[in-house]
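Note on naming: letters A, B, ... go to the chains in the order of the sequence lines (proteins, then strands), and numbering restarts at 1 for each one.
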There are 2 protein chains.
Amino acid sequence: MDAEKRKAIDLFYHPRTVALVGVSRSAGFGHGLPRFLIDLGWGDRIYPVNPKVDEIEGIRAYPSIRDVPVDIDLACIMVPARFVEGVLKECIAKGVKAVIVMTAGFAEVGPEGKKMQDSLTRLVREAGIRMVGPNCIGIVDVPNGFGTTEILLKDIQPGNISMVAQSGVFGNILLDGAPAQEVRIAKVATIGNRADLDETDFLAYYGDDPDTGVIVLYMESIRRGRDFLETAREVSRKKPVLAYLGGQTEAGRMATSSHTGSMAGFGRLDKDVLRQAGVWIAADPVELFETAKVFSLCPLPRGKRVLTVTASGSLGVMAADRIVEEGLGFAELSPSGLSALREKAPAWMNLANPLDVGPSGLFRAAMDVAFQDPGVDAVIAFPVIPWTVIAPVLHGDPAAAGEMFVDGTLLEKAMREKPVILSVPGHPEWREACSRSLFPGAPILPTPQAAAGALGALYRYARWREKGTG
Amino acid sequence: MDAEKRKAIDLFYHPRTVALVGVSRSAGFGHGLPRFLIDLGWGDRIYPVNPKVDEIEGIRAYPSIRDVPVDIDLACIMVPARFVEGVLKECIAKGVKAVIVMTAGFAEVGPEGKKMQDSLTRLVREAGIRMVGPNCIGIVDVPNGFGTTEILLKDIQPGNISMVAQSGVFGNILLDGAPAQEVRIAKVATIGNRADLDETDFLAYYGDDPDTGVIVLYMESIRRGRDFLETAREVSRKKPVLAYLGGQTEAGRMATSSHTGSMAGFGRLDKDVLRQAGVWIAADPVELFETAKVFSLCPLPRGKRVLTVTASGSLGVMAADRIVEEGLGFAELSPSGLSALREKAPAWMNLANPLDVGPSGLFRAAMDVAFQDPGVDAVIAFPVIPWTVIAPVLHGDPAAAGEMFVDGTLLEKAMREKPVILSVPGHPEWREACSRSLFPGAPILPTPQAAAGALGALYRYARWREKGTG
């Protein structure tokens with residue numbers, strides 16, 4: 001991406017000053033934004049614009065953006081659709097460089113709206129400034145503690161996953177659910193009708209962004225197909241790109257047109273072409289985020305030899321089935337690892353892979369071997385235990401629960417060398433303990449199938465990168 | 001199922017007296033069972049058997065089952081494997097009719113164990129009594145407040161879903177997770193190595209069981225293929241049968257053999273044959289339970305015309321895609337329903353299906369129409385809303401939140417006439433409010449894809465039943 005465009009997009013995430021044009025004191029769209037930004041510590045950098053009031057949340061309001069006494073980097077426009085063009089002209093006259101048009105009612109409502117939208121595009125192109133939207137909720141930058149989307153930013157843990165969401169509301173909903181899904185976020189852009197900046201621009205931007213390690217896209221169509229593919233291929237060489245594509249059927253495509261004004265949709269061919277460009281495609285939004293979590297937390301595997309460690313045979317069986325389906329392989333333990341386990345193992349325990357430790361109490365010993373054995377490229381582990389057995393331990397002496405399952409120091413070291421992916425079905429409190437205390441930093445997926453599926457995606461991406469091409 | 005066998009299986013779920021043979025006072029397998037049963041109100045009906053102690057949890061213990069002074073309906077055997085045969089002989093001599101052998105270390109550990117197991121089978125067959133196990137954790141009967149599996153029975157809501165799980169530990173884990181997944185349970189049987197009673201027996205039993213409305217199977221192989229298929233076909237005419245099949249690949253099959261001593265596994269063919277017998281097959285355990293929830297709570301649809309109501313266009317797009325893939329159709333609203341909505345709808349709102357109400361505030365109005373329109377066979381609804389918008393309403397006046405989304409009385413009536421399935425991604429607290437207060441009784445699935453997928457399963461089952469054959 002050229003330096004000029006990158007600098008222009010930087011302004012959306014790191015503005016020095018922000019005008020909120022059309023924000024009101026009464027309930028309505030964007031009404032909470034001033035309070036939201038004040039709580040984030042941006043009170044001295046925001047400038048409400050509303051001709052009907054003098055102040056909002058204790059901050060002076062200006063009748064027009066032209067009256068704001070400082071230079072404005074970013075203007076968020078939320079006036080009714082018919083006033084947007086006039087406000088945009090004022091922003092341009094004021095010298096604003098970055099504009100987010102949140103207002104809906106453009107291309108997604110019909111030809112009339114499309115015409116209005118085209119005027120906005122013309123205006124920003126002529127002025128040489130950049131616009132996000134219309135029909136969106138703007139951007140979020142978690143590490144910078146800034147956003148134009150009223151989400152509970154304090155609940156979202158900063159991470160290295162950045163997202164482009166075509167839909168504003170859906171992007172918001174995904175972020176509302178991110179903390180519970182343990183998904184850690186860097187940057188977000190909801191791009192709506194993308195009358196100027198689009199998915200290809202943000203994909204390229206995230207490709208260069210030092211905060212971003214994993215890129216997630218929720219798209220209902222691709223605007224500039226050829227540019228997008230070229231950018232995806234280039235960015236995928238540096239960072240994984242994961243996508244969910246809505247509108248894969250005729251009915252789905254019709255639904256997208258009234259939603260974000262896009263018409264193209266996706267067919268079977270497009271998916272294959274995207275895959276060749278290195279893009280991984282999710283079956284649903286849960287899989288999208290869960291897999292992003294694995295890419296975000298795990299190194300790429302050096303090979304495909306997986307060791308599964310489980311305390312329930314059934315989960316090992318499920319993982320084995322999916323490992324085969326994903327084209328992964330089964331690690332064989334080295335003689336030293338095997339003999340370390342054989343010494344402790346009861347007669348009934350089968351030292352095969354999946355390694356089902358059952359009630360032997362050897363889960364931790366098996367994990368130690370899995371972490372250290374150089375013949376193991378990746379570990380899938382199911383530290384499950386009946387809740388009535390572990391609850392008294394957990395409530396009495398949580399450290400003792402850890403002792404039973406994993407050595408934290410070895411885990412931390414292993415996580416730098418090979419993927420370690422868990423699934424912990426059963427009681428939510430045990431899963432929580434695994435996530436917070438026992439296996440901090442290791443991704444926990446909903447099912448053995450999802451764990452093996454995400455590992456498959458990670459492995460195929462590693463191979464794609466090695467080959468250097470689609 | 002013949003009346004005699006049914007009566008024999010009844011004894012496992014409704015015993016008058018229960019002997020716990022081999023239960024100990026110190027930690028170990030089954031150690032908590034006496035306390036568990038006392039807490040369930042079974043203190044006066046349990047008889048610990050252990051020659052080394054006089055009492056356990058304040059209840060008198062007997063040196064041998066022959067010393068127990070009352071008739072015993074059900075004996076749970078948890079002595080080490082080498083003593084099981086002797087204890088079983090004593091149980092038979094005592095006149096016990098139902099035996100659960102929990103002890104592991106039989107066919108699943110090798111030929112020697114298989115021989116020991118075959119002896120148990122011979123003994124119970126000669127005596128004309130029935131056995132569950134070995135290598136299992138027995139049964140659970142939620143409505144009867146009884147179980148031999150130490151789970152938090154009080155947390156599990158009674159419902160009409162009954163389960164056969166080949167694996168004991170996995171069955172336990174599934175039950176530990178059931179309350180959080182809002183799955184309501186009737187009966188459970190974990191059958192382990194099924195040296196006597198097997199999946200076909202319990203399938204037939206659940207088919208006749210008045211507490212059971214939906215049957216769920218977790219199997220790693222089918223023991224009597226032909227009998228099973230015949231039973232599945234027969235039971236499916238009365239009740240839905242949903243299955244997850246572990247061991248679908250060679251590697252998975254190898255893993256099952258050391259787990260529950262089964263060798264057969266499943267191939268592609270078996271799945272098709274099962275489907276022809278009316279059985280629905282899940283891709284993973286989450287899908288298994290989520291779909292069971294939908295079967296458990298929804299009536300069968302009369303047709304395939306689905307109306308999707310959403311507050312986020314993206315979710316409508318995803319649902320539309322999956323509706324097509326499932327072979328379902330799109331309902332057209334009747335003129336009266338359409339005009340009722342058109343009166344209130346803002347100009348930008350598109351009254352198509354999926355019905356995306358956006359921020360119009362018309363979610364409840366749309367649901368009213370969906371519930372009452374006779375042209376709508378099923379409703380998929382996404383009552384999503386950004387958390388920062390709904391949190392103050394929910395925390396201030398929860399009833400007002402309900403007012404915005406649904407009329408409880410109409411929902412209750414509609415739920416008797418057509419499937420109403422939700423998905424509520426976003427903040428967990430909002431999902432919880434939808435589940436507990438706004439949409440009580442309506443199944444909430446993890447994604448739009450899962451909601452439409454479960455509806456597809458429901459519709460295909462309804463058609464299978466109509467045709468009366470595979």
Side-chain angles (χ1 to χ4, degrees), chain A residues 29 32 36 104-105 109 150-152 167 169-170 172-174 176-177 180 218 220 246-252 254-256 258-260 283-286 311-318 320-321 323-325 330 347-348 350 352 354 356 359 384 386-388 425-428 446-447 449-450, chain B residues 29 32 36 104-105 109 150-152 167 169-170 172-174 176-177 180 218 220 246-252 254-256 258-260 283-286 311-318 320-321 323-325 330 348 350 352 354 356 358-359 384 386-388 425-428 446-447 449-450:
Chain A
F29 188 67
F36 172 74
V109 297
E150 289 166 64
I151 49 168
L152 287 181
S167 157
V169 175
F170 186 59
N172 192 325
I173 300 291
L174 283 175
D176 284 344
Y218 172 81
E220 295 179 356
Q248 294 172 32
T249 63
E250 192 54 38
M254 282 181 58
T256 67
S258 64
H259 176 223
T260 44
D284 61 51
V286 169
S312 152
S314 298
L315 298 169
V317 169
M318 291 183 218
D321 280 342
I323 283 168
V324 172
E325 287 158 19
F330 295 90
W348 53 260
N350 189 334
D356 177 8
V384 293
W387 177 240
T388 51
H427 199 281
T447 60
Q449 287 83 354
Chain B
F29 188 67
F36 172 73
V109 295
E150 290 166 62
I151 49 167
L152 287 182
S167 158
V169 175
F170 186 58
N172 192 324
I173 301 292
L174 284 175
D176 284 343
Y218 172 80
E220 295 180 355
Q248 294 173 31
T249 63
E250 192 55 38
M254 280 183 56
T256 67
S258 65
H259 177 223
T260 45
D284 62 49
V286 169
S312 153
S314 298
L315 298 169
V317 170
M318 290 182 219
D321 279 342
I323 283 167
V324 172
E325 286 158 17
F330 295 89
W348 54 260
N350 188 335
D356 177 7
V384 294
W387 177 240
T388 50
H427 200 281
T447 60
Q449 288 83 354

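Here A:N172 is the residue among A:V286, A:N172, A:L174 with the most heavy-atom pairs under 4.5 Å with chain B. The most heavy-atom pairs under 4.5 Å with chain A, out of B:P285, B:G426, B:A320, come from B:G426. Counting heavy-atom pairs closer than 4.5 Å to chain B, the top-ranked of the candidates A:G177, A:G316, A:P428, A:P446 is A:G177. When each of B:I323, B:I173, B:D321, B:V169 is scored by its heavy-atom pairs under 4.5 Å with chain A, the top score falls to B:D321.
Within the 4.5 angstrom heavy-atom criterion, only backbone atoms of B:A311 (N, CA, C, O) approach chain A. For a residue to count as touching a neighbouring chain, one of its non-hydrogen atoms must lie under 4.5 Å from one of that chain's; by this rule B:I151 touches chain A with the backbone only. Proximity to chain A (any heavy atom under 4.5 Å) is restricted, for B:V324, to the side chain, taken from C-beta onward. Looking at B:F330, the atoms closer than 4.5 Å to chain A (heavy atoms on both sides) all sit in the side chain, from C-beta outward. Looking at B:D284, both its backbone and its side chain come within 4.5 Å of chain A, counting heavy atoms on both sides. For a residue to count as touching a neighbouring chain, one of its non-hydrogen atoms must lie under 4.5 Å from one of that chain's; by this rule B:P386 touches chain A with backbone and side chain alike. Heavy atoms closer than 4.5 Å to chain B are found in the backbone of A:A283, but not in its side chain. Contacts between A:A450 and chain B at a heavy-atom distance below 4.5 Å are absent for every atom of the residue.
Closest approach of A:T388 and B:E150 over heavy atoms only: OG1-O, 2.6 Å. The two residues A:D176 and B:H427 make their nearest non-hydrogen contact at CB-N, 3.6 Å.
Considering OG of A:S167 and CG of B:L315, their distance stands at 7.5 Å, rounded to 0.5 Å.
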